[in-house]
Structures are given as C-alpha cells and as structure tokens.
> 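Once you've had a glance at the structure underneath, I'll fire off some questions.
Values in this document were obtained by computation on a predicted structure and should not be read as measured data.
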Amino acid sequence: MSWAERAAAVMPGGVNSPVRAFRAVDADPVYVAGGRGPWIEAADGRRLIDLVCSWGALLLGHADPRVVEAVTEAARRGTSFGLPTPQEVELAEKVTRLVPSVEMVRMVNSGTEATAAAVRLARAATGRDVVVKFEGCYHGHADGFLVEAGSGAATFGVPNSPGVPAATASTTRVARYNDLESVEEALASGDVACVIVEPVAGNMGVVPPRPGFLQGLREACDRHDTLLVFDEVITGFRLGPGGAQQRYGVIPDLTCLGKVLGGGTPAGAYGGRGDLMRMVSPDGPVYQAGTLAGNPLVVAAGIATLEVVEEDPDLYRRLDEAGARLEGSLQAALGRDGCVQRVGSMLTVFFGPREVADWRAASGVDRDRFRRFFRAALDRDVLVPPSPFESMFLTLSHLEVIDQLVGALTAAVEESA
Ligand SMILES: *Cc1c(COP(=O)(O)O)cnc(C)c1O
C-alpha cells in the first residue's frame, strides 16, 4: 500500500491540513522523507526543488544548520517547562526591535491563534463586536474568519463552513481588497472593532496592495475609531526585517506573526501598542493563554532565524533580485495569457487575468492550465504549491539553484499553453 492509501484510512484526506491533499491538481500528495536547502526528498526517493517551503514558514531553507543546531541544543536542555525562559525574552526583544508597530508581544502556537487573540483584544479595547475582513484573505481557521462576502461588499457575512454558528458569522463583515469605498461602507455604522488585512495578500495568490490602499485603511480606521490589524503571518520577516508595515510605511495598531517567526516550527505571536497589549492577562482583563506558548524549541528556531535577519539585512535585496529574475522570465513565457504577481520572495502565476487586484479577479483563473503547469513543473523536478491560489516562496537557499529553477519553471509555463 502507498503512503497515500495508508494515510487516507486514518486521516481525513490523508493529511493534517487540506491543501496538502493536492486535490486542486488531481494528484496524490507528496509525502516527504526529508529536506535540505531548496530541496525536498519524497518518500519514494524523488528529489524536488521545493517552492511550497512550508507555506512560507522557511526563510533560510530546509534543515538550515543554524536552526538545526539551535533546536538540538534547546532540546537537550528540555523541550517544555511551562515557565518563562530567558530565550523568550530575547526573542520578544528581537521582535520589538524589528517590527515597527510592536512595542510588546505575546507568543502563541500558530497564526490561527494569533489572529483570534488579536481580534479578542481589539473587541475588548473598543467595546465593539464587528470585524471587517477582506474577500480572499485568510486569517486561519477560527470560526469568525470562515466567512465570505455576500452579494454586497459591505453586507454581513454568512458562514462558508458548516459548524460555524450564524451568530458568530454575523459579526464578520466582508470588504473588497484594494477597494477603499467598500471599506468606508463597512465602517459607516460605527460598530467595527477592527479591520484585519493581509498587507500583501498571499492567500488568493499574491495580490499587492495598490498605492494608497494601506494608507487609506489607516486613515479610515482612525476616522471611525477602529483598530487596524495587519496579519503579517506570511509577510512578517519575509518582505523585510520589519515586514510589510516597514516596506509600505503604514503602522497598524496590532500585528499578527507566525510562519518565519518560528523558523519552521509551530509559532505565532501578536503584538502592538503597549497600551493595548497591557490589556492582555495578567496585566489586564483580556484572557489568553497557552501551555506550550513560547516553547523552547520554537523560540530557539525563531532566534536562530531572526539572528540571520539582523546580521544580514541585505538578504532581502538578494531574494528580491532572484524573485525579479524568475518573474521576468515567467512573464515573458506567459505573454498575454496572464500575469505574474510578485512582492519580494512571494510570487504567483495567474493564468488568464491580466491583473489581479481582488478575489473576483483571482477566482477567474484558468484552473486547467494551472494543473498542466503544476504537472509540467513536477516533471522537471520542481514542486509548485498545489493550488492556483497560493504563493510560491523562495528561501535564501534557492539562490544556489536559481538558474535551474528559472529554466524549469519557464519551460513549464510554455508547455502548459
Ligand atoms: C498561514 C496563515 C495564517 C494561519 O496560520 P497557521 O499557523 O496556519 O494557523 C493566518 N494568516 C495568514 C495570512 C496566513 O498565511
């Protein structure tokens, strides 16, 4: 029996997270035996250049020796105490040094927890219940976020997963990405606790904010006494040492982090203005806790990753250059058949639309052609994320294989036509 067959008998879809099942590309999941740098080795022995990179959690590459060393060292000292450690303080100091909006921070275990906790804090701070999110943005799987737009941009949402109570969904309002008018409508009733946004969207494929969009959100939130929450779970430490907020010069009230923060271990964090964070228990009344939060293995991997970021900030320029080369070559191969959208080391090929600024445009992609592209890339030993609505991620280790990668993916775009 294959791993896929054994897995399907004991795990829903044979996986622990849905897109790993490869359903969107009609393929069996790749079960991974190990990884090194830009490469993964599948359980069947195949070696692939990986562009999933743990959905963006890896900035340095697989099994980076600095991270492996730090985690191993930490494990020898004990894997969990449920008591604070000096290393947690060091990591918190790094995060507050690097991320402009973050004066104080609380570690959690995932991005999902980070966004859920940030929303609770925003509701407590404002005394309001409604949360505005954007169509096509993903903020983890907490009930209130599993909501899509109704017919109007500013209507109350309906749950799009069974199991989400209608009462919960009704506190989520959906606006349109890159559309400030829809935000104004959503805020008009004066009952909105926060607007939460991916400052560069990465979960409908890569959709950059149009010039003025993030600034406009900041101003609209200020006018309506609503908090602005940046979900930088992908963009934090990926688009620069200070994330998208530094890159675009817009400072949110609260910031959610995850992925790169944990250097490939299960991490999340939320942070922001000191007066807001002091409302969190035990300084304040907003309850939020975690048995394994600030876990020593996670903190060690996070420190090792952020040390590289602090010591070598030029790494973002090198990643950007590699990304630009890949983008240029893929766009040339694509011609008028679609667009390549990229910010730094995040990139998506959209087959069909000439520009994607929101979910409506993204959802119009040619899914058949994407499937052909995915297979053509796999035939050339490159693993592209198995969905047209995900970002490819480059790590520092990909710089070593950039020629091979550009050649293989460009050929895959051509073959998929
Ligand atoms: C991945 C992701 C999350 C959820 O993080 P998990 O660690 O998977 O719970 C939240 N927001 C964004 C923007 C993400 O990309």
Side-chain angles (χ1 to χ4, degrees), residues 35-40 49-74 86-102 105 107 199-200 202 206 230 232-249 255 257-265 267 269 271 297-327 342-347 391-406:
R36 182 145 211 98
W39 298 93
I40 52 174
I49 295 182
D50 180 25
L51 293 175
V52 178
C53 294
S54 192
W55 308 95
L58 301 174
L59 182 68
L60 309 180
H62 291 288
D64 183 273
R66 293 161 288 196
V67 174
V68 172
E69 178 75 18
V71 172
T72 309
E73 260 291 296
Q87 288 76 23
E88 286 171 78
V89 183
E90 278 179 36
L91 181 57
E93 286 171 348
K94 281 193 194 309
V95 171
T96 55
R97 215 161 36 230
L98 289 169
V99 186
S101 69
V102 176
V105 64
M107 291 284 295
V200 172
V206 175
F230 274 8
E232 297 228 41
V233 169
I234 289 182
T235 52
F237 314 113
R238 171 159 296 281
L239 296 185
Q245 54 196 264
Q246 186 177 50
R247 196 171 177 121
Y248 294 95
T255 297
L257 298 166
K259 297 197 170 114
V260 174
L261 171 68
T265 64
L297 307 184
V298 171
V299 168
I303 289 176
T305 303
L306 295 192
E307 271 175 357
V308 177
V309 167
E310 285 190 310
E311 282 161 18
D312 179 21
D314 181 65
L315 71 88
Y316 293 102
R317 191 192 50 77
R318 302 200 300 280
L319 278 173
D320 201 59
E321 263 176 29
R325 259 192 70 196
L326 185 58
E327 177 189 358
R342 178 187 70 88
V343 179
S345 54
M346 310 166 54
L347 178 148
S391 170
M392 302 179 199
F393 293 102
L394 299 178
T395 73
L396 268 187
S397 69
H398 285 74
L399 302 183
E400 302 154 27
V401 295
I402 192 70
D403 291 336
Q404 184 183 348
L405 180 60
V406 170

> Would you call Glu310-Lys94 a salt bridge at under 4.0 Å N-O?
yes

> Do the side chains of Phe230 and Val99 get nearer than 4.5 Å, heavy atoms only?
no

> Check each of Leu396, Thr395, Val309 against Leu59 using the side chain to side chain contact (heavy atoms under 4.5 Å, CB included) test, and report the only one that passes.
Val309

> Would you call Leu98 and Phe237 a side-chain contact if the rule is heavy atoms closer than 4.5 Å?
yes

> Does the side chain of Val95 reach to within under 4.5 Å of the side chain of Leu306, using non-hydrogen atoms?
yes

> Please find the pair of heavy atoms, one from Val105 and one from Val102, that lie closest to each other, and give the distance.
CB-CG1, 3.9 Å

> Applying side-chain contact (heavy atoms from CB on, under 4.5 Å), run through Thr235 and Gln246 and close with a yes or a no.
CA-CA 11 Å; Thr235 52; Gln246 186 177 50; over 6 Å; no

> How close do Val233 and Lys259 get, counting heavy atoms only, and between which atoms?
O-CB, 3.2 Å

> If we only count heavy atoms from C-beta on, is the Thr265 to Leu297 side-chain gap below 4.5 Å?
no

> Holding to side chain to side chain contact (heavy atoms under 4.5 Å, CB included), I want the full list of residues that pass it with Ala324, two or more places apart in sequence or in another chain.
Arg342

> Taking the side chain as everything from C-beta on, heavy atoms only, tell me whether His62 gets closer than 4.5 Å to Ser397.
no

> Report yes or no: do Glu69 and Thr72 form a side-chain donor-acceptor pair below 3.5 Å?
no

> Answer yes or no: is there a side-chain heavy-atom contact under 4.5 Å between Leu51 and Leu394?
yes

> Please report the closest heavy-atom contact between Gly263 and Leu58, naming both atoms and the distance.
O-CD2, 4.2 Å

> I'd like to check the side chain to side chain contact (heavy atoms under 4.5 Å, CB included) partners of Asp314; sequence neighbours left out, ordered by chain and number.
Asp312, Arg317, Arg318

> What's the spacing between Leu239 CG and Tyr248 OH if we round to 0.5 Å?
6.5 Å

> Suppose we screen for side-chain hydrogen bond (donor to acceptor under 3.5 Å, both in side chains). Which residues come up paired with Thr255, at least two apart in sequence or across chains?
Ser101, Gln245

> Say you draw a straight line from CD of Glu321 to OH of Tyr316; how long is it, rounded to the nearest 0.5 Å?
15.5 Å

> Using a 4.5 Å cut-off on heavy atoms from C-beta on, say whether the side chain of Val299 contacts that of Glu90.
no

> Indicate the atoms forming the closest heavy-atom contact of Gly242 with Pro100, along with that distance.
O-CD, 3.6 Å

> Roughly how far apart are Ile234 CD1 and Met346 CE, rounded to 0.5 Å?
5.0 Å

> How close do Ala70 and Ala300 get, counting heavy atoms only, and between which atoms?
O-CB, 3.6 Å

> Grab the two heavy atoms, one from Arg238 and one from Gly56, that are nearest each other, plus how far apart they are.
NH2-O, 3.1 Å

> Nearest 0.5 Å, please: how far is OG in Ser345 from CG in Asp320?
8.0 Å

> Does Arg97, at its CZ atom, have more than 12 non-hydrogen atoms belonging to other residues, nucleotides or ligands within less than 6.0 Å?
yes

> Are any non-hydrogen side-chain atoms of Glu88 and Met107 less than 4.5 angstrom apart?
no

> Drop me the distance from Leu261's CG to Glu232's CD, to the nearest 0.5 angstrom.
12.0 Å

> Give the intermediate values and the outcome of side-chain contact (heavy atoms from CB on, under 4.5 Å) for residues Ile49 and Trp39.
CA-CA 5 Å; Ile49 295 182; Trp39 298 93; 3.6 Å; yes

> For the atom pair CG (Leu326) and CD1 (Ile402), what is the distance rounded to the nearest 0.5 Å?
5.5 Å

